[in-house]
Colleague: 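Mind looking over this structure? Questions follow.
Fair warning: this is a prediction, and the values are worked out from it, not measured in the lab. Every number for a ligand or one of its atoms is a count from 1 in the order of the listing.
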Amino acid sequence: MVQVNKYGRRVVNEKMAYSDRARIHGVYDPNRREYPNLLLFMLYDDAVARSDSAHVMRHPIPMPGEDADYVITGDTWEDLAANVDGRLATLAGHVAGTRLDPSFVPNLVATVARFDELARSGVDLDFGRGEAPIGRAWHGPIREGSPNPTMAPFAEAGPYHCIILGAATLDTNGGPVIDAGARVLGVDGTPIPGLYGAGNCIASPAGEGYWGPGATIGLGITFGHLAGLGAAAEPVKPFDL
Ligand SMILES: Cc1cc2nc3c(=O)[nH]c(=O)nc-3n(C[C@H](O)[C@H](O)[C@H](O)COP(=O)(O)OP(=O)(O)OC[C@H]3O[C@@H](n4cnc5c(N)ncnc54)[C@H](O)[C@@H]3O)c2cc1C
């Protein structure tokens, strides 16, 4: 599997944790005045499509025989590109009018040839795929004989398949800052009396970091609990209608 942009080029280590991988979608190219990776095209061959592995990391590739209209298929790279571009035309209002560039197919052929060469050598000189432990851990069954467990050369003949990928929001990281007791801090850095926060409505205690699955809900529950304890311990205030 590779992920390429509308120019048919790989732009990211596909096996990065999703919170990091997704950032590539937002890269702006000031020369072309566009977001070239707004959509990425996840391409795989029929050996992947026909695999009967139900590994949790299989998603979004459907099981064989499963109906999934988001999978686009073509007998050759040319056919596949035409079908993907046709699908993009029907999605224009949702994909900011993105279409495949005319250079997509020739670039893709070169991209796949390069990827196959790197897969055979076992070293992704371009994006370091398979170097980080998380990339290897979040991976399905290994193709027999692959020196790099996260890479394998593409089948020489189609059919080939594509799933269009766009970025989405998992959680937010901005908002008022809280202290260790979940008290919301004012601009002077001191707690605002009686005001608590947790979860997505505050600046994440993890800052720019994403510590892995559960970090967002875990912090939400932890600081929500602290906020509840703090609020319950507040002195009772007179409530005047
Ligand atoms: C697809 C997906 C997968 C995820 N997987 C994981 C995971 O595996 N592990 C993990 O830790 N995190 C995961 N997250 C992130 C996690 O789910 C969120 O960070 C977390 O649920 C945020 O909780 P929250 O209570 O702060 O906000 P929310 O759950 O967004 O709650 C806010 C609530 O406020 C309500 N609301 C909004 N405006 C108003 C209003 N004006 N008045 C009244 N109510 C209002 C909303 O309807 C909502 O119910 C995932 C998120 C997504 C989208």
Colleague: Taking atom 7 (C) of ligand 1 as the point of reference, which of Gly214, Gly220, Ala168 owns the nearest heavy atom?
Modeller: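 It is Gly214 whose heavy atom sits nearest to atom 7 (C) of ligand 1.
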
Colleague: Counting only non-hydrogen atoms of the protein, does one fall under 4.0 Å from atom 3 (C) of ligand 1?
Modeller: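 When distances to the protein are checked, atom 3 (C) of ligand 1 has a heavy atom within 4.0 Å.
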
Colleague: Would you say CG of Asp67 has more than 12 non-hydrogen atoms from neighbouring residues, nucleotides or ligands within 6.0 angstrom?
Modeller: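 Check fails, neighbour count at 12 or below.
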
Colleague: Just jot down the ligand 1 atoms closer than 4.0 angstrom to any heavy atom of Ala215, in number order.
Modeller: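 Counting from 1, the qualifying ligand atoms are 11 (O).
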
Colleague: Compute the shortest N/O to N/O distance between Thr216 and ligand 1 and return yes if it is under 3.5 Å, no if not.
Modeller: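 Yes; the residue has a nitrogen or oxygen that sits under 3.5 Å from a nitrogen or oxygen of the ligand.
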
Colleague: Indicate yes or no: does Arg120 engage Glu117 in a salt bridge with an N to O separation below 4.0 Å.
Modeller: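 Here Arg120 does not pair with Glu117 in a salt bridge, since their nearest N and O are not under 4.0 Å apart.
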
Colleague: Flag Asn200 as yes when one of its N or O atoms lies below 3.5 Å from any N or O atom of ligand 1, and as no otherwise.
Modeller: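 Yes; at least one N/O pair falls below 3.5 Å.
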
Colleague: Is the count of non-hydrogen atoms from other residues, nucleotides or ligands lying under 6.0 Å from Arg58 atom CZ greater than 12?
Modeller: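 More than 12 heavy atoms, drawn from other residues, nucleotides or ligands, come within 6.0 Å of this atom.
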
Colleague: Do other residues, nucleotides or ligands put more than 12 heavy atoms under 6.0 Å from the CD atom of Glu156?
Modeller: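 For Glu156, atom CD is not crowded (no more than 12 foreign heavy atoms under 6.0 Å).
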
Colleague: Counting only non-hydrogen atoms of the protein, does one fall under 4.0 Å from atom 13 (C) of ligand 1?
Modeller: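 Yes, there is a protein heavy atom closer to it than 4.0 Å.
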
Colleague: Between Phe115 and Met1, which heavy-atom pair has the shortest distance, and what is it?
Modeller: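 Phe115 and Met1 have their closest heavy atoms at CZ-O, 3.8 Å.
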
Colleague: Within the protein, is there a heavy atom lying under 4.0 Å from atom 37 (C) of ligand 1?
Modeller: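 No, no protein heavy atom sits under 4.0 Å from atom 37 (C) of ligand 1.
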
Colleague: Assess whether a salt bridge exists between Lys6 and Asp101, defined as any Lys/Arg side-chain N lying under 4.0 Å from an Asp/Glu carboxylate O.
Modeller: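 No.
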
Colleague: Establish whether atom 19 (O) of ligand 1 and some protein heavy atom are separated by less than 4.0 angstrom.
Modeller: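 Protein heavy atom within 4.0 Å of atom 19 (O) of ligand 1: present.
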
Colleague: Can you find a protein heavy atom under 4.0 Å from atom 32 (C) of ligand 1?
Modeller: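 No, there is no protein heavy atom closer to it than 4.0 Å.
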
Colleague: Before accepting this row, confirm whether a basic side-chain N of the pair Arg10/Asp124 lies closer than 4.0 Å to the acidic partner's carboxylate O.
Modeller: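 A salt bridge links Arg10 with Asp124.
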
Colleague: Can a protein heavy atom be found under 4.0 Å away from atom 52 (C) of ligand 1?
Modeller: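 For atom 52 (C) of ligand 1 the answer is yes, since some protein heavy atom falls inside 4.0 Å.
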
Colleague: Considering distance alone, does some N or O of Ile217 sit under 3.5 Å from an N or O of ligand 1?
Modeller: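 The answer is yes, given that Ile217 and ligand 1 share an N or O pair closer than 3.5 Å.
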
Colleague: State which residue, out of Val84, Leu100, Leu88, fulfils the side-chain contact (heavy atoms from CB on, under 4.5 Å) condition with Leu39.
Modeller: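 Passing option: Leu88.
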
Colleague: Nearest protein heavy atom to atom 42 (N) of ligand 1: under 4.0 Å?
Modeller: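 So atom 42 (N) of ligand 1 lacks protein heavy-atom neighbours under 4.0 Å.
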
Colleague: Would you mind running through ligand 1 and noting each atom that sits below 4.0 Å from a heavy atom of Asp171?
Modeller: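 Listed by number with element, the hits are 19 (O).
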
Colleague: Which of the atoms in ligand 1, numbered in the order shown and given with their element, are less than 4.0 Å from a heavy-atom of Gly199?
Modeller: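 Answer, ordered by atom number: 26 (O).
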
Colleague: With a sphere of 6.0 Å drawn around NE2 of His225, does it hold more than 12 non-hydrogen atoms of other residues, nucleotides or ligands?
Modeller: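 Atom NE2 in His225 is not packed in, count stays at 12 or less.
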
Colleague: So does Arg129 pair up with Glu14, basic N to acidic O under 4.0 Å?
Modeller: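 Judged by the 4.0 Å cut-off on N to carboxylate O distance, Arg129 and Glu14 do form a salt bridge.
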
Colleague: Who's the nearest protein heavy-atom neighbour of atom 1 (C) of ligand 1, and how far?
Modeller: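 Checked against all protein heavy atoms, atom 1 (C) of ligand 1 sits closest to Leu170 CD1, 4.8 Å.
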
Colleague: Select one of side chain, backbone, both or neither to describe which atoms of Cys201 lie under 4.0 Å from any atom of ligand 1, heavy atoms only.
Modeller: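 Neither; nothing of Cys201 gets under 4.0 Å from ligand 1.
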
